[in-house]
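Contents: one structure, followed by commentary.
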There are 2 protein chains.
Amino acid sequence: MSASLDETTGLFDDDTRVERIDDGRLRAAISDRWNALGGSPNGGYLLAVCLQALRHELTLPDPLVASAHFLRPAIPGQADVHTDVARSGRRVATGEARLVQEGKERVRVVASFTDANAVVGRALELGTPPALPAPDKAIDPLAELALPGITIADRIEYRMDPAARGWHTGEPSGDPTHEFWMRFRDGHEADAWSLPLFVDAFSPAVLELGLGSFTVELTVHVRARPVAGWLACRVATQHLSGGFHEEDFEIWDEGGRLVAQSRQLGLLISDEEPS
Amino acid sequence: MSASLDETTGLFDDDTRVERIDDGRLRAAISDRWNALGGSPNGGYLLAVCLQALRHELTLPDPLVASAHFLRPAIPGQADVHTDVARSGRRVATGEARLVQEGKERVRVVASFTDANAVVGRALELGTPPALPAPDKAIDPLAELALPGITIADRIEYRMDPAARGWHTGEPSGDPTHEFWMRFRDGHEADAWSLPLFVDAFSPAVLELGLGSFTVELTVHVRARPVAGWLACRVATQHLSGGFHEEDFEIWDEGGRLVAQSRQLGLLISDEEPS
C-alpha cells in the first residue's frame with residue numbers, strides 16, 4: 001500500500017476511500033456527489049471504489065485492467081466491498097471485489113494490477129489523440145443546461161468544440177461519437193485511480209440517437225499515469241443491435257499519450273422495461 | 001437449459017462439454033486439441049468451457065458478454081469449474097466461473113447471458129466488414145508452415161488474401177493488423193458458443209512486430225448468432241506501451257453482420273520473464 005493512499009488530494013479521493021474491516025471485507029461510503037443520468041451513482045465511480053478496496057489487498061501498486069459487471073443500481077450510503085485475491089504474480093496480480101448494499105450485490109469487479117514502474121519492452125502508438133481546440137478556445141457544453149440530480153456534472157467539467165452539435169445543443173446528431181476535454185472541477189489532477197471514473201463520466205453516445213442505456217459490463221485498461229492537465233477524450237458507438245450496443249472510450253493526456261481505453265456493453269432502455 | 005446442449009455437432013462441442021457434479025461445481029475435460037502458441041490450451045477455448053458451465057446455471061439461454069482473467073496456463077486433463085450466480089434478471093443474467101486444475105485456479109470468468117430472441121429496439125451499423133477476397137480465391141496462410149504443438153491449427157482453417165504479407169510468409173510486417181477468414185475444419189458451423197474461441201484463435205497481432213504475448217484479460221461481446229459459413233475477421237493492435245498491448249478483434253458472418261467483438265489486454269513476453 002503506498003503512502004498516497006491516505007493523502008487527501010481531492011473530493012474524488014475522499015469519496016472513494018475505503019476502510020478495511022477485516023480480511024477480505026472493506027467498507028465504503030457511496031456518495032451522492034457522483035450521480036449520473038438516471039439519478040444513481042455513476043458506474044465508473046463504483047468501479048473506482050472497488051479498485052480502492054483491491055488496492056488494500058493486491059501486492060502490486062497500479063491498476064492495469066478491470067472488468068465490472070453492473071448488477072443493480074447502487075444507492076448513496078454505506079457499502080461493503082468483499083474482496084478475494086485470485087493470484088499474486090510478479091508482473092500481474094488479480095483480485096475480485098463485490099460491492100454489496102442492503103444485502104444485495106450491486107457491482108462485481110475482477111481486476112489486475114501491475115507495477116507501472118517496471119516498464120519493459122517496445123512502445124508503439126498507431127492511434128491519434130482527438131483533434132480538439134485548446135481548452136480555453138473550447139466551450140462548456142453543459143453551461144446552458146439544467147441537469148437536476150446529475151451531480152457528477154458538478155464534479156467534472158467538460159469542454160467541446162464550439163462548432164459541435166448534439167444533445168447538449170438540443171440537436172441530437174444521429175452520430176454516436178464525440179470528442180471533448182474533461183477534468184475535475186476541484187483542481188484535483190486525474191490519476192490512474194480516477195481514469196476508470198472518467199471513461200464512464202460522459203453522457204452515453206447513444207443519446208445522439210435519442211436512446212438511453214444501462215451499462216451491463218465495462219472493461220477499462222489503464223495504460224499510463226496521466227500528466228497534469230485536461231484529458232482529451234473520444235467516445236464512439238458503432239454497433240447497435242438486439243437491444244444492445246458497445247461504447248468505446250479513449251482518454252489521452254495533454255502530453256499526447258493514451259492513458260486509458262474502455263469498452264462497455266450497454267442495454268438500451270425505455271421506461272417500460274426493467275432490466 | 002436448451003435441448004441443444006446435448007447434441008454433438010462437432011469436436012468443439014465435445015471438447016467444451018461439462019458435467020454437473022453438484023450445485024455450483026461442474027467437471028470438464030480440457031483437451032489437448034486446442035493448444036495455442038506456447039503449447040498450452042487456447043484461452044478462448046478455456047473461456048468457452050467456462051461459458052458451458054454457466055449455461056447450466058444461468059436462467060437465460062444466450063451468451064452476451066464475458067470477461068476472462070487468465071491467471072495461469074491450463075493443462076490438458078480434468079478441470080473443475082466452480083460457478084456462482086450473481087443475478088438473474090429478466091433481460092440479463094450474470095454469473096461467475098472459476099476453472100481449477102490440480103488445486104490451482106487457471107481462469108476466472110464473469111459473464112452475462114441474455115435471450116437473443118427477445119430482440120428489441122433499433123439497429124445501427126456504422127462499421128464495415130473486412131474487405132476480403134472470396135474464400136475460394138483466398139489462400140491458407142498456414143499451408144507452408146510447420147506448427148508443431150499448435151494443435152488449434154488442426155481444428156480451425158484460415159484464409160487470407162494471397163497478397164497479404166506477414167509472419168506467415170516469413171515477413172513480419174511491422175503492422176499489427178490482419179483480415180482473414182476462419183471456420184472449423186470439421187464442418188461444424190460456428191455458433192454463439194464458439195465465437196469466444198474464434199476471437200482468440202488467430203496468432204497475436206504483435207507477432208508482426210516480432211513479439212510474443214500472454215493474455216491477461218479478454219472481454220468478448222457476442223452480438224448475434226452467425227449464419228452458416230465462413231467468419232470474416234479483423235484483428236488489430238494500436239497501442240503498445242509499458243510492456244502491455246491491447247488487441248481488438250471483430251468477427252462478421254457471411255451475411256455481413258457483426259457477430260462478435262473482443263478486446264484483450266496482453267502482456268508482452270520474452271523467454272526470461274515469467275509473468
Side-chain angles (χ1 to χ4, degrees), chain A residues 64-69 71-72 86-87 89-92 94 96 98 104-105 108-112 114 116 118-127 175-177 209 211 216-217 219 221 223-224 236-246 248 257-258 261 263 265 267-268 270 273-275, chain B residues 64-69 71-72 86-87 89-92 94 96 98 104-105 108-112 114 116 118-127 175-177 209 211 216-217 219 221 223-224 236-246 248 257-258 261 263 265 267-268 270 273-275:
Chain A
L64 172 65
V65 51
S67 163
H69 278 76
L71 306 171
R72 301 175 179 88
R87 181 172 182 249
R90 197 181 63 80
R91 293 285 307 279
V92 174
T94 302
E96 176 168 323
R98 303 180 183 194
K104 289 191 171 169
E105 187 179 352
R108 185 172 300 196
V109 171
V110 183
S112 293
T114 190
V119 170
V120 294
R122 284 177 57 183
L124 177 74
E125 184 53 75
L126 298 174
D175 175 17
T177 305
L209 306 170
L211 300 169
V216 176
E217 194 270 351
T219 300
H221 299 184
R223 299 300 300 276
T237 288
Q238 285 209 299
H239 317 286
L240 193 77
S241 66
F244 297 95
H245 69 95
E246 100 292 0
D248 283 2
R257 186 169 187 188
L258 180 88
Q261 63 180 160
R263 176 173 290 162
L265 186 81
L267 167 68
L268 297 171
S270 59
E273 292 198 302
S275 68
Chain B
L64 172 65
V65 52
S67 163
H69 279 76
L71 306 170
R72 300 175 179 87
R87 180 171 183 248
R90 197 180 63 80
R91 292 284 306 281
V92 174
T94 302
E96 176 168 323
R98 303 178 184 196
K104 288 191 172 170
E105 185 178 354
R108 184 171 301 196
V109 171
V110 183
S112 293
T114 191
V119 170
V120 292
R122 284 177 57 183
L124 177 74
E125 184 52 77
L126 296 174
D175 175 17
T177 305
L209 306 171
L211 299 169
V216 176
E217 194 270 351
T219 300
H221 298 183
R223 299 300 301 275
T237 287
Q238 285 209 300
H239 317 285
L240 194 77
S241 66
F244 297 95
H245 69 94
E246 100 293 0
D248 284 1
R257 186 170 187 187
L258 180 89
Q261 63 180 161
R263 175 173 291 161
L265 187 81
L267 167 69
L268 297 171
S270 60
E273 292 197 302
S275 68

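Chain identifiers are assigned alphabetically (A, B, ...) following the order of the sequence lines, protein sequences preceding nucleic acid strands; residue numbering begins at 1 within each chain.
- Heavy atoms of B:S112 lying under 4.5 Å from chain A belong to its backbone as well as its side chain.
- With hydrogens and angles disregarded, no donor-acceptor distance shorter than 3.5 Å links the side chain of A:R122 to the backbone of B:G243.
- For a residue to count as touching a neighbouring chain, one of its non-hydrogen atoms must lie under 4.5 Å from one of that chain's; by this rule B:H221 touches chain A with the side chain only.
- With a 4.5 angstrom heavy-atom cutoff, B:L265 touches chain A via backbone and side-chain atoms both.
- Contact check for B:K104 versus A:R87: no side-chain heavy atoms found under the 4.5 Å cut-off.
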How far apart are the C-alpha atoms of A:V110 and B:E217, what are their side-chain angles, what is the distance that settles it, and do they pass the side-chain contact (heavy atoms from CB on, under 4.5 Å) test?
CA-CA 10 Å; A:V110 183; B:E217 194 270 351; over 6 Å; no

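- Closest heavy-atom contact between B:H69 and A:S67: CE1-CB, 4.3 Å.
- Heavy-atom distances place no part of A:A236 under 4.5 Å from chain B, backbone and side chain included.
- Looking at B:R223, its side chain does come within 3.5 Å of a backbone N or O of A:F244 through a donor-acceptor pair.
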Verdict with supporting geometry, A:L267 and B:R91, side-chain contact (heavy atoms from CB on, under 4.5 Å):
CA-CA 9 Å; A:L267 167 68; B:R91 292 284 306 281; 3.0 Å; yes

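- For A:T177, no part lies under 4.5 angstrom from a heavy atom of chain B.
- Of the atoms belonging to B:V216, it is side-chain heavy atoms, and not backbone ones, that fall under 4.5 Å from chain A.
- Distance check, rounded to the nearest 0.5 Å: CG of B:L258 to OG of A:S241 gives 7.0 Å.
- Looking at A:E105, the atoms closer than 4.5 Å to chain B (heavy atoms on both sides) all sit in the side chain, from C-beta outward.
- Ranked by heavy-atom pairs shorter than 4.5 Å toward chain A, the options B:A123, B:A224, B:P176 are led by B:A123.
- Going from atom CG of B:L240 over to atom CG of A:L126 covers 8.5 Å, rounded to the nearest 0.5 Å.
- For the set B:E246, B:R98, B:Q238, B:H239, the entry with the most heavy-atom pairs within less than 4.5 Å of chain A is B:H239.
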